[in-house]
A.B. asks: 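To start, I am sharing the structure in question, which I have written as structure tokens.
Lettering follows sequence order; numbering is per chain, from 1. Basis for what follows: all heavy atoms, side chains included, without hydrogens, waters or symmetry-related copies.
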Amino acid sequence: MEAILGNQVMFILFSAMIVMFSILTVTSRRILRAATFLLFVLLSTAGLYFMLNYQFLAAVQITLYAGGIVVLIIFSILLTSHIDHKFDRVPAQKLIMGVIAAGSGIALSLTTLLTYNFVPANQEPISVDMNTIGKSLLNYGDHGFVLPFEVISVLLLAAIVAAVVIAKRKKI
Amino acid sequence: MNFAQFLKTDKLMSADSLILFFIVATVLVGGAILFSTFMAPTSSNPAKFEPYECGIPTKGTTWLQFNVGYYLFAILFLVFDVETVFVFPWAVVMKELGMVAFVEIVIFFFVLVLGLAYAWKKKALVWE
């Protein structure tokens, strides 16, 4: 019973953090602060993954999104010359339209979530620990992913070459 | 089963220790901040809010535009960060799978080393 209550408390805590920092991200008028709030949104999402026992995905979320993407975003902000620019207050008309758009999105998601009848799975939960992921990633037989695994390296190679080509261009 | 019922199943990680962690962290950090707020003597003068800089008043904004080189390093870091995600599961099962896993990772690394060699050749790793 205690663990059940604990899960609910943790879920509410993480969701509240995600919602709060998401709102701060879009309402902050200083772009560097918005990027920092985005970092907290991504970290709280990793917390939700940990709750669902998705350790691998949570680790990916922290290393890639919180560690990599946010660094990239912050560097691209620091590269622009208008870092200290403080955005003007949003005009009331735009604000109302934005709230209506966001509110209808919330309403749609909520009605779908609350009216949908979720069917509990009968089969045993498949464990997604590192061992399973590693084995299926390197398995060359049926249901193996060794070809995608090798193709990923080609994709990463293309990313490196593209980054170098774009960044080392003589004239911008 | 709706979502509230799903939260009551045992398919989730046990959260008790996490909650304890949150409470302890909040109490410790909050307590320290509150304690220093009430206990520390406060004084305020204009010089206190100046940036520390041996006597000369600063001119203009403290923000400045960063070198483009940082961006290239950030992208290269991100690519090898993604690579780590795939190397980590490999490292966990490497001992068990033996030679096959080794050959697979050698191919994987070979392609990526080509990319590193390209960046090196194009002098992307040299600071300008």
A.B. asks: Can we call the ring centroids of A/Phe75 and B/Tyr70 under 6.0 Å apart?
C.D. replies: yes
A.B. asks: Answer yes if B/Tyr71 and B/Phe80 sit in the same cluster of Ile, Leu, Val, Met, Phe, Trp and Tyr residues linked by side chain heavy atoms under 4.5 Å apart, and no otherwise.
C.D. replies: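 The answer is yes; both residues are in one hydrophobic cluster.
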A.B. asks: Are the side chains of B/Tyr118 and A/Val165 in touch, meaning some heavy atoms are under 4.5 Å apart?
C.D. replies: yes
A.B. asks: Should B/Val27 and B/Val29 be regarded as members of a common hydrophobic cluster, given that ILVMFWY residues are connected when their side-chain heavy atoms come within less than 4.5 Å of each other, either directly or indirectly?
C.D. replies: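 In one cluster with B/Val27: B/Val29, no.
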A.B. asks: Kindly work out whether a path of hydrophobic side-chain contacts (I/L/V/M/F/W/Y, heavy atoms less than 4.5 Å apart) joins A/Val164 to B/Leu125.
C.D. replies: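 Hydrophobic grouping puts A/Val164 with B/Leu125.
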A.B. asks: Using the side chain to side chain contact (heavy atoms under 4.5 Å, CB included) rule, take A/Ile152 and B/Phe108 through it: C-alpha gap first, then chi angles, then the decisive distance, then the call.
C.D. replies: CA-CA 8 Å; A/Ile152 282 164; B/Phe108 186 79; 4.3 Å; yes
A.B. asks: With a 4.5 angstrom heavy-atom cut-off, is it the side chain or the backbone of A/Val154 that approaches chain B, or both, or neither?
C.D. replies: both
A.B. asks: Is the shortest side-chain heavy-atom distance between B/Trp90 and A/Leu137 below 4.5 Å?
C.D. replies: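 Counting from C-beta outward, B/Trp90 and A/Leu137 never come under 4.5 Å.
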A.B. asks: Using non-hydrogen atoms and a 4.5 Å limit, figure out which bit of B/Leu76 sits close to chain A: side chain, backbone, both or neither.
C.D. replies: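 The answer is the side chain of B/Leu76.
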A.B. asks: Heavy atoms only: give me the nearest A/Leu138-B/Ala101 pair and the separation to one decimal.
C.D. replies: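 Closest pair (atom of A/Leu138, atom of B/Ala101, distance): CD1-CB, 3.7 Å.
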A.B. asks: If you measure from CG on A/Leu64 to OG1 on B/Thr84, what distance do you get to the nearest 0.5 Å?
C.D. replies: 8.0 Å
A.B. asks: Taking the side chain as every heavy atom from C-beta outward, state whether A/Phe56 and B/Val85 have any pair of such atoms under 4.5 Å apart.
C.D. replies: yes
A.B. asks: Might you confirm whether atom CZ of A/Arg29 has over 12 heavy atoms from other residues, nucleotides or ligands at distances under 6.0 Å?
C.D. replies: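 Yes, CZ of A/Arg29 has more than 12 neighbouring heavy atoms, counting only those of other groups under 6.0 Å.
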A.B. asks: What heavy-atom pair brings A/Leu72 and B/Ala74 nearest, and what distance separates the two atoms?
C.D. replies: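 That closest heavy-atom pairing would be CD1-CB, 3.6 Å.
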A.B. asks: Looking at every non-hydrogen atom in both residues, tell me the closest pair between A/Ala163 and B/Leu72 and how far apart they are.
C.D. replies: O-CD1, 3.6 Å
A.B. asks: Side chain from CB out, backbone as N, CA, C, O: work out which of these in B/Phe73 comes under 4.5 Å of a heavy atom of chain A, or both, or neither.
C.D. replies: neither
A.B. asks: Between A/Phe149 and chain B, which part of the residue has a heavy atom less than 4.5 Å away: side chain, backbone, both or neither?
C.D. replies: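 It is both, since atoms from each part get that close.
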A.B. asks: Heavy atoms only, distances under 4.5 angstrom: which of A/Asn131, A/Val151, A/Val60 has the most pairs with chain B? Name it, please.
C.D. replies: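 Sorted descending by pairs with chain B, the first entry is A/Asn131.
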A.B. asks: So which of B/Met94, B/Glu96, B/Glu83 has the largest heavy-atom pair count under 4.5 angstrom toward chain A?
C.D. replies: B/Glu96
A.B. asks: For B/Val100, is it the side chain, the backbone, both or neither that has a heavy atom under 4.5 Å from a heavy atom of chain A?
C.D. replies: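 When you check distances to chain A, only side chain atoms of B/Val100 fall under 4.5 Å.
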A.B. asks: Heavy-atom count check: over 12 atoms from other residues, nucleotides or ligands less than 6.0 Å from A/Met97 CE?
C.D. replies: no
A.B. asks: Hey, is OH on A/Tyr54 packed in by over 12 heavy atoms from elsewhere, all under 6.0 Å?
C.D. replies: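 No, OH of A/Tyr54 has 12 or fewer neighbouring heavy atoms, counting only those of other groups under 6.0 Å.
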A.B. asks: So which residue, A/Gly67, A/Ser153, A/Gly134, A/Gly68, ends up with the most heavy-atom pairs under 4.5 Å with chain B?
C.D. replies: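 Looking at each of A/Gly67, A/Ser153, A/Gly134, A/Gly68 in turn, A/Ser153 comes out on top.
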A.B. asks: Evaluate the side-chain proximity of B/Leu78 to A/Ile69: yes if any heavy-atom separation is below 4.5 Å, no if none is.
C.D. replies: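 Result yes, sub-4.5 Å side-chain heavy-atom pair found.
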A.B. asks: So what's closer than 4.5 Å to chain A heavy atoms on B/Phe22: side chain, backbone, both or neither?
C.D. replies: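 Only the side chain of B/Phe22 comes within 4.5 Å of chain A.
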A.B. asks: Measure the shortest side-chain to side-chain distance between B/Phe86 and A/Ile133 over non-hydrogen atoms and say whether it is less than 4.5 angstrom.
C.D. replies: no
A.B. asks: Just wondering, do B/Leu112 and A/Ile160 contact through their side chains at under 4.5 Å, heavy atoms?
C.D. replies: yes
A.B. asks: Heavy atoms only, distances under 4.5 angstrom: which of A/Leu155, A/Val71, A/Val146 has the most pairs with chain B? Name it, please.
C.D. replies: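 Most pairs with chain B among the choices: A/Val146.
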A.B. asks: Which one, A/Ala158, A/Ala159, A/Ser76, leads in non-hydrogen pairs under 4.5 Å with chain B?
C.D. replies: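 Answer, by heavy-atom pair count under 4.5 Å with chain B: A/Ser76.
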A.B. asks: What's the separation between atom CZ in B/Phe110 and atom CD in A/Glu150, rounded to the nearest 0.5 Å?
C.D. replies: 12.0 Å
A.B. asks: Rounded to the nearest 0.5 Å, what separates atom CG in B/Leu114 from atom CG in A/Leu156?
C.D. replies: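 It comes to 12.5 Å.
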A.B. asks: Does B/Ile105 belong to the same Ile/Leu/Val/Met/Phe/Trp/Tyr cluster as B/Val113, with side-chain heavy atoms less than 4.5 Å apart forming each link?
C.D. replies: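 The answer is no; the residues belong to distinct hydrophobic clusters.
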A.B. asks: Assigning hydrophobic clusters by single linkage (Ile, Leu, Val, Met, Phe, Trp, Tyr; side-chain heavy-atom cutoff under 4.5 Å), is A/Leu95 placed with A/Val26?
C.D. replies: no
